[in-house]
Participant: 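Just passing along the structure, written as structure tokens.
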Amino acid sequence: MTTSSSEQGVSLGMPELPAPAYPDDVRARLEADAREVIARYPDSRSALLPLLHLVQSEEGHVTRTGMRFCADVLGLTTAEVTAVATFYTMYRRRPSGDYQVGVCTNTLCAVMGGDAIFEELQEHLGVGNGETTEDGKVTLEHIECNAACDFAPVVMVNWEFFDNQTPSSAKRLVDDLRAGRTVEPTRGAPLCTFKETARILAGFPDERPGAVEASGGAGPASLVGLRLARGETAPARVVHPRDGGPHDEPHDRAVHDPSPTQHLSSHDAPQDTSASDPAHPAGPTAEEGE
């Protein structure tokens, strides 16, 4: 018995049908937003990146319809738009969850426990890399460096930071996201959905009360060098030996035990976060210059 090409899912090289257009009311609304974005640039094609975020905010990922819209309003070909949309990883090409949970598995985060976090989250959520939970709440992926190595291992949710994570704290984080409980990033604005995040990335203001005031700012560990350059002295911090034995630090130097106020997020883990080598957990590290 033979199977036809169509039954096997084999492409016969037929051209793909044109992408459907947005409904009239949606297109009119997006066109008004697009005009506002395009007006910011001397060359209209420079608006392509924010416009891709704009269409992503409509459907939660960049669809063929969204790329056709961008091409139409910018006078580009769909091939030109597709080339950009497929190059940058922040543009999703398929439906995704309300919360994009990215686990950094680049070198430092990986050795500090990022690999362990990612493996446990895959098992805990029952999804693979780039896949979404059945309830549509969480899309899990491993991502490259988030430029937050001071706080490794780092997890990001819709591009907001969750520092110093462990497998257990990361699992609690995704459970709270799926249950609709309040989740606070370590630093930055309060969380919003991925669609809302995409609209903000398109260049439209975050109109939630207090959101702008809460955003921005580097963490304390990132500012050590600046403080030292200014001649400021930081509190002494002692590195405990990995074997847990006594240390040789002078008695007049206080051991630094991070207080709860230093972990701004209720979902931050303690600082001994090395899950890649459970026999030798990483303790607080000395600040540079001490």
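We count residues from 1, following the sequence as given.
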Participant: Tell me, do Val103 and Ile143 make a side-chain contact under 4.5 Å, heavy atoms counted?
Facilitator: no
Participant: What I'd like to find out is whether the side chain of Arg93 reaches to under 4.5 Å of the side chain of Met67, using heavy atoms alone.
Facilitator: yes
Participant: Around atom OH of Tyr88, are there more than 12 heavy atoms of other residues, nucleotides or ligands at under 6.0 Å?
Facilitator: no
Participant: Looking only at non-hydrogen atoms, find the nearest pair between Pro190 and Pro185 and report the distance.
Facilitator: CA-CD, 4.3 Å
Participant: State, to 0.1 Å, how close Gly66 and Tyr22 come at their nearest heavy-atom pair, and which atoms those are.
Facilitator: CA-OH, 3.2 Å
Participant: Enter the distance from Leu49:CG to Leu54:CG here, rounded to the nearest 0.5 Å.
Facilitator: 12.5 Å
Participant: With ring centroids as reference points, do Tyr91 and His53 lie under 6.0 angstrom apart?
Facilitator: yes
Participant: Is there a path of hydrophobic side-chain contacts, each under 4.5 Å between heavy atoms of I, L, V, M, F, W or Y residues, that connects Phe161 with Leu223?
Facilitator: no
Participant: Walk me through it: do Gln100 and Trp159 pass the test side-chain contact (heavy atoms from CB on, under 4.5 Å)?
Facilitator: CA-CA 8 Å; Gln100 306 283 319; Trp159 312 115; 5.9 Å; no
Participant: Under 3.5 Å, side chain of Arg68 to main-chain N/O of Ala19, donor-acceptor pair present?
Facilitator: yes
Participant: Between CG of Leu201 and CG of Asn158, what distance do you get to the nearest 0.5 Å?
Facilitator: 9.5 Å
Participant: Looking only at heavy atoms, which two atoms of Pro153 and Ile117 are closest? And how far apart?
Facilitator: CG-CD1, 3.8 Å
Participant: Do Cys192 and Arg208 have side-chain heavy atoms sitting under 4.5 Å apart?
Facilitator: yes
Participant: Is the closest basic N to carboxylate O distance between Glu58 and Arg29 below 4.0 Å?
Facilitator: yes
Participant: Under 3.5 Å, is there a donor on one side chain and an acceptor on the other for Thr132 and Thr139?
Facilitator: yes
Participant: Testing the basics here: between Cys145 and Cys149, what is the closest heavy-atom pair and its distance to 0.1 Å?
Facilitator: SG-SG, 4.0 Å
Participant: Tell me, with the steps shown, if Lys195 and Asp98 meet salt bridge (charged side-chain N to carboxylate O under 4.0 Å, His left out).
Facilitator: CA-CA 7 Å; Lys195 289 182 179 180; Asp98 292 335; over 6 Å; no
Participant: Tell me whether the count of non-hydrogen atoms from other residues, nucleotides or ligands lying under 6.0 Å of NZ in Lys137 goes above 12.
Facilitator: no
Participant: Could you check if a side-chain atom of Cys70 sits within less than 4.5 angstrom of a side-chain atom of Leu52, using non-hydrogen atoms only?
Facilitator: yes
Participant: Does this structure show an ion pair linking Glu80 with Arg45, if we count only N-O contacts that are shorter than 4.0 Å?
Facilitator: yes
Participant: Okay, side chain of Thr65, backbone of Pro20: is any donor-acceptor separation there less than 3.5 Å?
Facilitator: yes
Participant: Please evaluate residues Leu51 and Ile38 with respect to the criterion side-chain contact (heavy atoms from CB on, under 4.5 Å), reporting the C-alpha separation (whole Å), side-chain torsions for both, the decisive distance (0.1 Å), and the verdict.
Facilitator: CA-CA 8 Å; Leu51 287 187; Ile38 294 170; 4.2 Å; yes
Participant: Check whether any side-chain N or O of Gln56 sits under 3.5 Å from a backbone N or O of Arg92 as a donor-acceptor pair, and report yes or no.
Facilitator: yes
Participant: List the atom of Arg178, the atom of Leu125, and the distance in Å for their closest heavy-atom pair.
Facilitator: NH1-CD2, 3.7 Å
Participant: If you apply the rule side-chain contact (heavy atoms from CB on, under 4.5 Å), what do you find for Thr89 with Glu144, and how did you get there?
Facilitator: CA-CA 10 Å; Thr89 58; Glu144 290 299 312; over 6 Å; no
Participant: So, taking the atom named CZ in Arg27 and the one named CG in Asp24, what distance separates them when rounded to the nearest 0.5 Å?
Facilitator: 9.0 Å
Participant: Is the ring pair Phe118/His142 parallel, tilted or perpendicular, if the boundaries are 30 and 60 degrees?
Facilitator: perpendicular
Participant: Between Arg181 and Asp175, is there a salt bridge with N-O shorter than 4.0 Å?
Facilitator: no
Participant: Can you measure from OG1 (Thr133) to CG (Asp135) and round to the nearest 0.5 angstrom?
Facilitator: 3.5 Å
Participant: Is the side chain of Glu119 donor-acceptor paired with the backbone N or O of Ala116 at a distance under 3.5 Å, no angle test?
Facilitator: no
Participant: Between Phe151 and Thr186, is any pair of side-chain heavy atoms under 4.5 Å apart?
Facilitator: no
Participant: Are any of the side-chain heavy atoms of Gln122 and Val127 separated by less than 4.5 Å?
Facilitator: no
Participant: Taking Ser96 for its side chain and Gly60 for its backbone only, find out whether a donor-acceptor pair lies under 3.5 Å.
Facilitator: yes
Participant: Which atoms form the tightest heavy-atom contact between Phe194 and Gly97, and what is the distance?
Facilitator: CB-O, 3.8 Å
Participant: Would you say the side chain of Glu131 lies within less than 4.5 Å of the side chain of Asn129, judging by non-hydrogen atoms?
Facilitator: no
Participant: Give a yes or no answer on whether the side chain of Arg199 reaches the backbone of Pro205 with a donor-acceptor pair at less than 3.5 Å.
Facilitator: no
Participant: To the nearest 0.5 Å, how far apart are CZ in Phe162 and CG in Leu191?
Facilitator: 4.5 Å
Participant: Just so I know, are the side chains of Val157 and Val183 near enough to count as touching, which here means a heavy-atom distance under 4.5 Å?
Facilitator: no
Participant: Nearest 0.5 angstrom please: His124 NE2 to Leu140 CG, how far?
Facilitator: 11.0 Å
Participant: Output yes when a side-chain donor or acceptor of Ser169 lies under 3.5 Å from a complementary backbone atom of Gln165, and no otherwise.
Facilitator: no
